[in-house]
Amino acid sequence: MKPAVTYELLHECKQTGARRGVIHTPHGDIQTPVFMPVGTQATVKSMTPEELKEIVKAQIILSNTYHLYLRPGNKIVKEAGGLHKFMNWDRPILTDSGGFQVFSLGALRTISEEGVEFKSHLDGSKHFFSPESVMEIEEDLGADIIMAFDECCPYPSTYEYTKNSMERTTRWAIRCKKAHKTVESQALFGIIQGGFYKDLREKSAKDLVELDLPGYAIGGISVGEPKEEFLDILRYTTPLMPKDKPRYLMGVGTPDYLIEAALAGIDMCDCVLPTRIARNGTALTSHGKVVVRNAIYKEDWRPLDEECDCYACKNYTRAYIRHLINAKEILGVRLLSIHNLRFLTNLMEKVRIEIERDNLGSFKEEFYKKYGYTD
C-alpha cells in the first residue's frame, strides 16, 4: 500500500549538504524546505485562506489537535467534512498531536502509561488523551499529516526523567500506528524525543525508524535552551532520520533557526512567531526586527521592509502601521501578520534557490550579516 505522503529528493547542496525536495500529499505538493504557518484553531490568526495562498504564498498550514478537540470539537469538524472543508483550505494541512499543549498545562495534567488526564484551560473540565483517542481525533480532523502522541520534556530535565519520557513516547508511537486506520489518506509521523542527551536521541530515532512511518519529526528542542545546545542536538539528530522521508523540526520560526534547520537537512518547520509578534507590533525585516509601535517610526514613510514584495510593504508605511497598532485597530495586526508570514515564506523560497545553486552556506553568511545576527 502506497503511503498518503511521500518525499522526493531533488537536489543536495554541494556546499552544505542541505536538501531540496518535494513532499507529495493528497492535497498537493509541498516544495521543501518549507515554513508552515500555524493555524491553531483552524485559522491562521486574522488571515483568510485566500490571503494565505495569494499574498503569503503558504503551501501548507498547521492546526492544533488539543484546541480543536476542546472547541468546536472533532466530531463537529468531521461533520463539516474535515478541516479542509470546515476552514475552506484546499492545500495540505498538518495536525500536531496536542502533546505539547497538554504537557504545557503543568499542574493541570497527570501522566500515566495509558495517557494523560488534563483539565481544560477554558473551563476546568476533565479530559483524557491516549494514543488511541488522539488518533481518532486526528482522523476526524482529516489533515494530510498527523503526528503521533508524544511526551515533550521540559528544559532542563534529568537523564532519568528524559529516558523514561522518551521510552514512553516510543511505546505510544507503537500504539498510534496500531490505532491509525486512515493510512491511505493520512500520513502518521513519529516524533523523536530524548531531550539534550545524544544517546537517548539515537535510541529514540532507531526505535521509531523501525516502525517504518511515512515521516519523522524532531521534538523537544527550541524549548528555551541556549542556541549552541539547540544546534548541537539538531545537527546530531537529523542524520539519524531516513533520507527518503520528510524530516520535520517542530516549533521553529526565527529566520536564523529556519536557515540552520535547512543547513542540517530539515524539510519542514512551523512556528506561531510571525503572527504572535505581529500582535505585539513587531515586524521581521531584512535588517532585523522593527518594533513599529515605537515613537521613532511616527514619521517614517518607508515600508516595513524595502526588499519585501508583500501587500503591506507595497501599500503602507511604517508610520501608518504604527498609528494602527497604537490605536488598537485590527488592520494593523493584519498588515503585520501578512508581512511577517510572507517574510518567512519568501526566506524559504530563497533558501530553496540557494540550495539548487549549491550556495546556502554563503547565503547564510550574507543574511546573518545584514540581519544583525552573530554566528
Going by distance alone, is a donor N or O of one side chain under 3.5 Å from an acceptor N or O of the other, for [X] and [Y]?
| X | Y | answer |
| --- | --- | --- |
| Asp305 | His287 | no |
| Thr254 | Asp256 | yes |
| Asn164 | Tyr159 | no |
| Asn64 | Gln101 | yes |
| Gln31 | Arg20 | yes |
| Thr170 | Asp207 | no |
| Glu138 | Thr95 | yes |
| His339 | Ser337 | no |

Given the rule that I, L, V, M, F, W and Y join up when any side-chain heavy atoms are under 4.5 Å apart, are Leu62 and Leu70 in one cluster?
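Not linked; separate clusters.
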side-chain hydrogen bond (donor to acceptor under 3.5 Å, both in side chains) partners for [X], two or more places apart:
| X | answer |
| --- | --- |
| Glu366 | none |
| Asp140 | Asn74, Lys75 |
| Glu184 | none |
| Tyr311 | Tyr316 |

Does any part of the side chain of Ile145, heavy atoms only, come nearer than 4.5 Å to the side chain of Pro92, both counted from C-beta?
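Contact flag for Pro92/Ile145 side chains = no.
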Taking the side chain as every heavy atom from C-beta outward, state whether Phe35 and Cys271 have any pair of such atoms under 4.5 Å apart.
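Yes - at least one pair of side-chain heavy atoms lies under 4.5 Å apart.
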Does [atom1] in [X] sit with more than 12 non-hydrogen atoms of other residues, nucleotides or ligands closer than 6.0 Å?
| X | atom1 | value |
| --- | --- | --- |
| Arg71 | CZ | no |
| Leu122 | CG | yes |
| Lys163 | NZ | no |
| Lys53 | NZ | yes |
| Glu8 | CD | yes |
| Arg276 | CZ | no |

Test Val44 against Val38 for side chain to side chain contact (heavy atoms under 4.5 Å, CB included), laying out the working first.
CA-CA 6 Å; Val44 176; Val38 176; over 6 Å; no
Ignoring hydrogens and angles, tell me if any N or O in the side chain of [X] forms a donor-acceptor pair with the backbone of [Y] under 3.5 Å.
| X | Y | value |
| --- | --- | --- |
| Asp270 | Gly251 | yes |
| Asn359 | Ser362 | no |
| Thr43 | Gly39 | no |
| Arg109 | Lys119 | no |

Does the side chain to side chain contact (heavy atoms under 4.5 Å, CB included) test come out yes or no for Ile111 and Arg168, once each step is laid out?
CA-CA 10 Å; Ile111 307 169; Arg168 183 183 289 122; 3.7 Å; yes
Does Tyr248 have any ring pair (Phe, Tyr, Trp, His ring centres under 6.0 Å) partners at least two apart in sequence or in another chain, and if so, which?
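Counting only residues at least two positions away or on another chain, Tyr248 forms no ring pair (Phe, Tyr, Trp, His ring centres under 6.0 Å).
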Would Thr65 and Phe100 satisfy side chain to side chain contact (heavy atoms under 4.5 Å, CB included), going step by step from the backbone distance to the final call?
CA-CA 10 Å; Thr65 297; Phe100 181 80; over 6 Å; no
Give me each pair satisfying salt bridge (Lys or Arg N to Asp or Glu O under 4.0 Å) with a member in residues 332-342, each pair once, sequence neighbours excluded.
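Non-adjacent pairs meeting salt bridge (Lys or Arg N to Asp or Glu O under 4.0 Å): Glu51-Arg334, Asp309-Arg342, Arg342-Glu349.
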Under the salt bridge (Lys or Arg N to Asp or Glu O under 4.0 Å) rule, what pairs show up with a residue in residues 282-301, not counting sequence neighbours?
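For residues 282-301: Asp300-Arg302, Asp300-Arg318.
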Which ILVMFWY residues can you reach from [X] by hopping between side chains whose heavy atoms are under 4.5 Å apart?
| X | result |
| --- | --- |
| Val183 | Met1 |
| Ile76 | none |
| Leu240 | Tyr236 |
| Val22 | Leu10 |

With Arg19, the side chain to side chain contact (heavy atoms under 4.5 Å, CB included) member among Ile266, Thr32, Leu9:
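Only one option passes, and that is Leu9.
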For residues 216-223, tabulate all N or O donor-acceptor pairs below 3.5 Å that involve a side-chain atom, not counting sequence neighbours.
unit_1, atom_1, unit_2, atom_2, d
Tyr216, OH, Leu208, O, 2.7
Tyr216, OH, Asp212, N, 3.4
Tyr216, OH, Leu213, N, 2.9

Evaluation steps, side chain to side chain contact (heavy atoms under 4.5 Å, CB included), between Leu344 and Leu284:
CA-CA 8 Å; Leu344 293 182; Leu284 299 165; 4.0 Å; yes
